[in-house]
Amino acid sequence: MFYNLYEYVHSSLGLHFWDPLTLLLAVILAVMVTVHSRNQKKREDDFEEARKEKLEAVQKGLAES
């Protein structure tokens with residue numbers, strides 16, 4: 001069974017047996033990196049917004065004193 005798959009991929013497609021699997025893994029990795037990058041950017045934006053709010057609260061508290 002695997003030999004037939006090897007023959008099909010190698011003879012008809014002109015690829016090595018592991019090339020389609022490697023391509024699939026590369027696509028999955030690219031999707032994972034993209035999702036992680038977007039999530040990280042959102043976390044950084046949320047952190048920056050919270051930091052600004054805390055700084056404004058501290059400055060307001062100091063101005064009232």
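Reckoned from all heavy atoms, side chains included, excluding hydrogens, waters and symmetry mates. The structure presented is a predicted model; accordingly, all values stated were derived computationally and were not measured.
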Linking I/L/V/M/F/W/Y whenever their side-chain heavy atoms sit closer than 4.5 Å, directly or via other members, would M32 and L24 fall into one cluster?
yes
Any ion pair linking R51 and E48 (charged N to carboxylate O, less than 4.0 Å)?
yes
Less than 4.5 Å apart, any side-chain heavy atom of K60 and any of E64?
yes
Could you tell me whether a side-chain N or O of T34 sits under 3.5 Å from a main-chain N or O of A30, the two making a donor and an acceptor?
yes
Using a 6.0 Å cut-off, check whether atom CZ of R38 has over 12 heavy atoms from anything other than its own residue.
no
Nearest-0.5 Å distance, CG of residue L23 to CD1 of residue I28
10.0 Å
